[in-house]
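Shown next, in structure tokens, is the structure this report addresses.
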Amino acid sequence: MKIAILDDYFDTLRTLPCFRKLDGHEVTVWNDHTEDVDILAGRLDGTEALVLIRERTRIQEPLLNRLDALRLISQRSVYPHIDIEACTRRGVIVSSDQHAGSPSYAAAELTWGLIIAAMRQIPQQMSALRAGRWQIGVGRSLRGNTLGIYGYGRIGATVAGYGRAFGMKVLVWARPASRERARRDGYVTAGSKRAFFESCDVISLHMRLVPDTRGIVTSADLARMKPEALLVNTSRASLIEPGALVDALRAGRPGMAAVDVYNEEPVLKVDDPLLLMDNAVCTPHIGYVTREEYEIHFSQIFDQVTAYATGTPINVVNPQVFDVLRGTPPLRRNPHRAARGSTAQV
């Protein structure tokens, strides 16, 4: 097959052991990023299988309409960047493993790294030292302080465990079912969202971005945080009400933020307000970007490609596409049930 891989910024995938799974196929790897539909259509002309790195490139109907040879999109995790309905109409299978039960330890580790970096002012102290200044302030310890976990899923539960190991008091706020799971794991849950934001010294967001969670953290929530508190977001920028975090940092509640995600990515303008703030630690969406995580991630993605090549696609999130490929009207199915992963014979 003719396979294309987009957005492999550092040409890392060729160096992974799992890349050998694509032996025998014609693979083209693109190392830069573009959202230009004309450029993408030219690059992907004749491509049968498209491999995506998370949500770096949006795959929407205007592009899909120009990719006549495309039959498979293979990726991992959620897919808000892909027009699933357009893929189905075009006869394009979307395979995406939801890896239930296996958190991104890399993302959890980065979250903890950002917490320590912000609380101890590590980036600011390093910058001052390089400028010839010796100590520019006093940081804060973690032990004994309260770590708030907003969203108790796979990553949130892992970060909660890190907090416990560092001697922090862990407080959880999430959906009722998730709060119950947190209590079974031995954690205290907040009595209300308001009490959660008022009580925590560090709050870390760990939710998927869906319609119900978009803007779930409001200006009023942030205003209730302590002036010395830290807000950490390694999940999705749009979980926070637009503009609310910058305004809150300027107002002094919370006193600090550490973020790895942004409303528009990649961020290439150095005048982004967050990047200019002394009380913000910012990283360029590197939560999952480690060699070990890539090996796990792309081993599964390449398995999806090879399964398609043998005529038995797996982890199909749009099974209605098989009706289209058979030339029959697509049946109405529950998309949430389909997203759990399907296998079908092509």
Side-chain angles (χ1 to χ4, degrees), residues 1-7 13 18-30 37 40-102 208-211 296-346:
M1 288 192 302
K2 185 175 181 181
I3 301 169
I5 301 175
L6 296 178
D7 300 305
L13 300 190
C18 65
F19 194 75
R20 296 299 304 273
K21 293 184 177 187
L22 300 184
D23 284 356
H25 297 289
E26 180 186 344
V27 184
T28 302
V29 181
W30 296 93
V37 171
L40 287 169
R43 290 181 174 184
L44 301 178
D45 183 40
T47 295
E48 184 176 0
L50 174 61
V51 170
L52 300 180
I53 299 183
R54 296 297 293 260
E55 300 160 36
R56 290 179 178 178
T57 294
R58 289 170 54 82
I59 307 298
Q60 301 294 300
E61 189 166 25
L63 175 60
L64 290 164
N65 286 341
R66 297 174 63 175
L67 303 179
D68 293 335
L70 186 64
R71 289 295 174 264
L72 173 72
I73 296 175
S74 184
Q75 63 140 58
R76 191 173 188 256
S77 197
V78 294
Y79 37 87
H81 52 301
I82 302 175
D83 188 333
I84 299 295
E85 292 184 1
C87 286
T88 300
R89 289 194 298 270
R90 297 281 301 174
V92 177
I93 296 167
V94 180
S95 288
S96 190
D97 180 23
Q98 299 303 297
H99 53 98
S102 60
R208 286 184 172 178
L209 180 62
V210 296
I296 295 170
H297 193 100
F298 286 96
S299 183
Q300 295 174 350
I301 289 174
F302 296 155
D303 282 344
Q304 291 169 173
V305 174
T306 56
Y308 170 83
T310 60
T312 55
I314 58 175
N315 301 324
V316 177
V317 303
N318 60 334
Q320 299 94 332
V321 73
F322 298 117
D323 298 318
V324 174
L325 292 171
R326 285 192 292 264
T328 59
L331 300 175
R332 289 188 177 274
R333 295 188 178 91
N334 185 329
H336 300 292
R337 292 175 65 91
R340 295 183 181 179
S342 304
T343 302
Q345 185 78 28
V346 177

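S74 places a side-chain N or O within 3.5 Å of a backbone atom of I301 that can act as its donor or acceptor partner. H81 places a side-chain N or O within donor-acceptor distance of the main-chain N or O of R54, the cut-off being under 3.5 Å. T310 places a side-chain N or O within donor-acceptor distance of the main-chain N or O of A307, the cut-off being under 3.5 Å. Listed for the R58 side chain is no donor-acceptor partner under 3.5 Å among the backbone atoms of E55.
In this structure, I53 CD1 and W30 CH2 are separated by 14.5 Å, a value rounded to the nearest 0.5 Å. Annotation: the span from I82 atom CD1 to T57 atom OG1 amounts to 10.5 Å, rounded to 0.5 Å. Atom CZ in F19 sits 5.0 Å away from atom CD1 in I5 (nearest 0.5 Å). The CD1 atom of I73 sits 12.5 Å away from atom OH of Y79, with the distance rounded to the nearest 0.5 Å. Note that OG of S95 is 10.0 Å distant from OH of Y308, once rounded to the nearest 0.5 Å. In this structure, CG in L52 is found 5.0 Å from CD1 in I59, a value given to the nearest 0.5 Å.
Residues L63 and A41 share a closest heavy-atom pair of CD1-N, 3.7 Å. Across all non-hydrogen atoms, the minimal contact from A49 to M1 is CB-CE, 4.2 Å. In plain terms, the two heavy atoms of Q304 and D97 that are nearest each other are OE1-N, 3.0 Å. Closest of all the heavy-atom pairs between L44 and A4 is CD2-CB, 3.5 Å. Closest approach of V321 and C87 over heavy atoms only: CG2-O, 4.4 Å. Among all heavy-atom pairs drawn from V316 and I93, the shortest one is CG2-CG2, 3.9 Å.
Contact check for R208 versus V78: side-chain heavy atoms found under the 4.5 Å cut-off.
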Decide side chain to side chain contact (heavy atoms under 4.5 Å, CB included) for D45 and T47; before the verdict, give the C-alpha distance in whole Å, the side-chain angles of both, and the deciding distance to 0.1 Å.
CA-CA 6 Å; D45 183 40; T47 295; over 6 Å; no

Start with the C-alpha gap between E61 and R89, add the side-chain angles, then the distance that decides, and say whether side chain to side chain contact (heavy atoms under 4.5 Å, CB included) holds.
CA-CA 10 Å; E61 189 166 25; R89 289 194 298 270; 2.8 Å; yes

Assess the residue pair T28 and R43 against the criterion (side chain to side chain contact (heavy atoms under 4.5 Å, CB included)); give the C-alpha distance rounded to whole Å, side-chain angles, the decisive distance to 0.1 Å, and a yes or no.
CA-CA 9 Å; T28 302; R43 290 181 174 184; over 6 Å; no

Verdict with supporting geometry, V305 and K21, side chain to side chain contact (heavy atoms under 4.5 Å, CB included)
CA-CA 9 Å; V305 174; K21 293 184 177 187; over 6 Å; no

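Contacts of K2 classified as side-chain hydrogen bond (donor to acceptor under 3.5 Å, both in side chains), with partners at least two apart in sequence or in another chain: none. For E48, there are no salt bridge (charged side-chain N to carboxylate O under 4.0 Å, His left out) partners, not counting sequence neighbours.
For the residue pair N315 and S96, no side-chain donor N or O sits within less than 3.5 Å of a side-chain acceptor on the partner. Between the side chains of H297 and Q75, no donor-acceptor pair is found at a separation under 3.5 Å.
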